Amino acid sequence: MATTTAEPTWVGTVRARGAAAFAATGFPTTRNEDWKYTPVTAIAEGGFAPAAQPPAHGVTAEALAPYLFGGEKPTVVFVNGRFDAALSNLATLPAGVSVRPLAEALREMPQALEPRLGAIAAEQPFTARNASLMQDGVVIHVAADVVVGRAIQVLFVADAGARGLELPVRNLVAAERHAKVTVVESFVGLTDAAYFTNAVTEVDVAAGATVTHLKVQREGSGAYHVAHVEAKQARDSHLVSFSFAVGGRLARTNVYTVLGGEGCGATLNGLYIGDGEQHLDHQTRIEHVAPNCYSREVYRGILDGAAHGVFNGKVYVHPEAQKTDGKQENHTLLLSERATIDTKPQLEIFADDVKCTHGATVGRLDQSSLFYMKSRGVGAELAKQLLLYAFAADVLETIEAEAVREGLEAQVLQRYTGGQ
Amino acid sequence: MTPLLQITDLHATAGDKEILKGITLTVNAGEVHAIMGPNGSGKSTLAQVLAGHPGYEVTGGAVLYQGRDLLEMEPEERAQAGVFLAFQYPVEIPGVSNAYFLRAAYNEIRKAHGQDEVDPLEFLDLVADKLKLVNLDEAMLNRSVNTGFSGGEKKRNEILQMAVLEPTLAVLDETDSGLDIDALRIVADGVNTLRKPTNATIVVTHYQRLLNYIVPDFVHVLAGGRIVKTGGKALALELEAAGYDPILETAGT
Ligand SMILES: Nc1ncnc2c1ncn2[C@@H]1O[C@H](COP(=O)(O)OP(=O)(O)OP(=O)(O)O)[C@@H](O)[C@H]1O
Ligand SMILES: [Mg+2]
């Protein structure tokens, strides 16, 4: 694919701006407040670089089956950062919905991309680097008033061919007026090799539209994963985001949204489950710009071994954003003495008539519940597993897409009960 | 015949505090024992120690259950061997459905006896009958264990669990407190229906009222961590009329 040569000139401008911004900052250090708890030296010094040519791969449809939801064919599959037409299934899209790999979208629908690509995501070291290097990704456009019934599943798969590579994934989801769509963005590692996913997903939610973005991060055990999801919401629009993070050696996900008009709602939930030496970080930023909007946020985590979790939940309420109704919760269970969590709610409120609450708990498994279960004959291990599953299910059950919810619940149940 | 339960000079502490100061009690199959006593006398501590609560340390004495050293067994092993405690304050477990929990418990006990597990459908059939016994609606099976249950529902849920698990030795800790007379009857009927010549029940209660429905063979008065008096069911009536003071005075505690 001759992607770069066919690019419109404005894309070159986006790339150049990104390159300049990244050159000015380089990779962030822990002196940067946003990266205080997450050192990225392993990425900075790992020598990861994008492949010039699509690397060969051995990924088959069978290998992907366990990572799909509801047994449905994936809509779009990228392997080692590149679109794979053979594994994708774009034939059955409803009218008014367009799903294309980035290069094709730039060719076929540049007018839909030009005002959005690189214009929604905040400029930060990783997003800037992504802008300069962006290679492939999915562009989803839903026309006004179109309600997409079935979730659009996008899979980013890495196999051994990704070793040493940087995968600069760039996605765009645009829902026009009163459109409604659910996108599942899955990252799957079929290798324990080290590679670096640097993903940016921009989401444009027009007036009255609803976008549900479900991110499922199941990268390989040697992977570094930095992802930035950022939405721009027009009046009366809704964003529903879920971030499920279980994979990777180090994974950071940003979920940002700007509630830019009256009557908007945003729900940002997530679940992180870590073990061993894993480092799982989430940073969310909800910006209330207009009055009468609400935001809801629940992140839960279970950390074992020497896993390190980070949750930083920022909420900005502008002076004009009166009657803002915001709630944020973060709950983490630590299963071992060596597991740690840094949780940092960060509310900055400049309007006076608002209702904003936050709460964070860090705990261990409830001993009285464990004893109660054991006193009924349930063995110690199963009792523990049931409690963990219940803890996770509490936030997983907020996922409306049934196949995804059940798929993730089954995965968690399997993890904790060996598949009962 | 070996007694079902034989407690000999049992001492137990919580933290630095000695709560049980030498309890001796023998329970044979087929018997119902009532344990009464003032608040804070150690009734729940005794019940929890029998169930194996890790918060209490046994500092002396012995407990034999069917001739086995009960104190050496893990809480789940005790349950699998047929010991059941209906909690004074049943624990809420958000997110774990009653149905799932009950079936897990039932299957764990079956497994411990080398029996096959039952599948969810079979289990529902089995539970349906037991639900009637305690007059609970099937809908409560889908709710989280005890979460948001009223006081009465929690107590009936304890009896439902008992009905499903069919213990050999049941210890009911204040299962009657907070129940109105109708609920009390339901609970008592449940317990009576489950009585067998091979089982025994220890009923911990404040009120003689329950003993009109669950008729005890023995009544014990527990005070200051010791059993200070033992009698027949008439003792409960005596306590109801005169309170604990006369007994405590003669016992010199
Ligand atoms: N885990 C514990 N740590 C410290 N003290 C305890 C603990 N459990 C019980 N106690 C104390 O031991 C004493 C006996 O408590 P217990 O609950 O056994 O009494 P009880 O006879 O069941 O009372 P009630 O009639 O109120 O239910 C009380 O003084 C109580 O405060
Ligand atoms: Mg008590």
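Numbered from 1 within each chain, the chains take letters A, B, ... in sequence-line order. These numbers come from a predicted model, not from an experiment.
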**Study point:** Enclosure of Glu400(A) CD (heavy-atom neighbours >12, cutoff 6.0 Å)
**Key:** no
Study note, to complete from the structure: The reported gap from NE2 in His53(B) to OG in Ser368(A) (rounded to nearest 0.5 angstrom) is 7.0 Å
Review point. Any idea how Phe371(A) and Phe87(B) line up, ring-wise: parallel (<30°), tilted (30 to 60°), or perpendicular (>60°)?
Key: tilted
Exercise for review: Look at atom CD of Glu138(B) and say whether more than 12 heavy atoms of other residues, nucleotides or ligands are closer to it than 6.0 Å.
Suggested key: no
**Study point:** Heavy-atom neighbours of Arg338(A) CZ exceed 12 at 6.0 Å
**Key:** no
Check your understanding: Would you find more than 12 non-hydrogen atoms of other residues, nucleotides or ligands less than 6.0 Å from Glu337(A) atom CD?
Key -> no
Point to revise | Top of Glu77(B), Gln80(B), Glu158(B) for chain A proximity - count of heavy-atom pairs under 4.5 angstrom | key: Glu158(B)
Study note, to complete from the structure: For Val378(A) and Ala104(B) the tightest heavy-atom approach is CG2-C, 4.2 Å
Point to revise | Exceeds 12 heavy-atom contacts within 6.0 angstrom, atom NZ of Lys344(A) | key: yes
**Study point:** Over 12 non-hydrogen atoms of neighbours within 6.0 angstrom of CZ in Arg364(A)
**Key:** yes
**Study point:** chain A interface, residue from Ala51(B), Gly95(B), Pro75(B) that has the most non-hydrogen pairs under 4.5 Å
**Key:** Pro75(B)
Revision key, fill the gap. Under 4.5 Å to a heavy atom of chain A? For Pro167(B) that would be neither
Exercise for review: Identify which part of Ala383(A) has an atom lying under 4.5 Å from any heavy atom of chain B, answering side chain, backbone, both or neither.
Suggested key: neither
Revision key, fill the gap. Between the CZ atom in Phe101(B) and the OH atom in Tyr372(A), the distance rounded to the nearest 0.5 Å is 5.5 Å
Practice item. Locate the shortest heavy-atom distance separating Ile109(B) from Arg376(A); write the atom from each residue and the value. Key: CD1-O, 3.7 Å
Review point. Does any heavy atom of chain A fall under 4.5 Å from the side chain of Asn107(B), the backbone, both, or neither of them?
Key: neither
Review point. Got a sec: does the NZ of Lys314(A) have more than 12 other heavy atoms crowding it under 6.0 Å?
Key: yes
Check your understanding: Non-hydrogen atoms of chain A under 4.5 Å away: do they reach the side chain of Glu74(B), the backbone, both or neither?
Key -> neither
Practice item. Check whether any side-chain heavy atom of Met373(A) lies under 4.5 Å from a side-chain heavy atom of Val96(B), and answer yes or no. Key: yes
Practice item. For residues Gly377(A) and Glu108(B), report the shortest heavy-atom separation together with the two atoms involved. Key: O-CB, 3.2 Å
Point to revise | Least distance between heavy atoms, Ala390(A) atom then Pro94(B) atom | key: CB-O, 3.6 Å
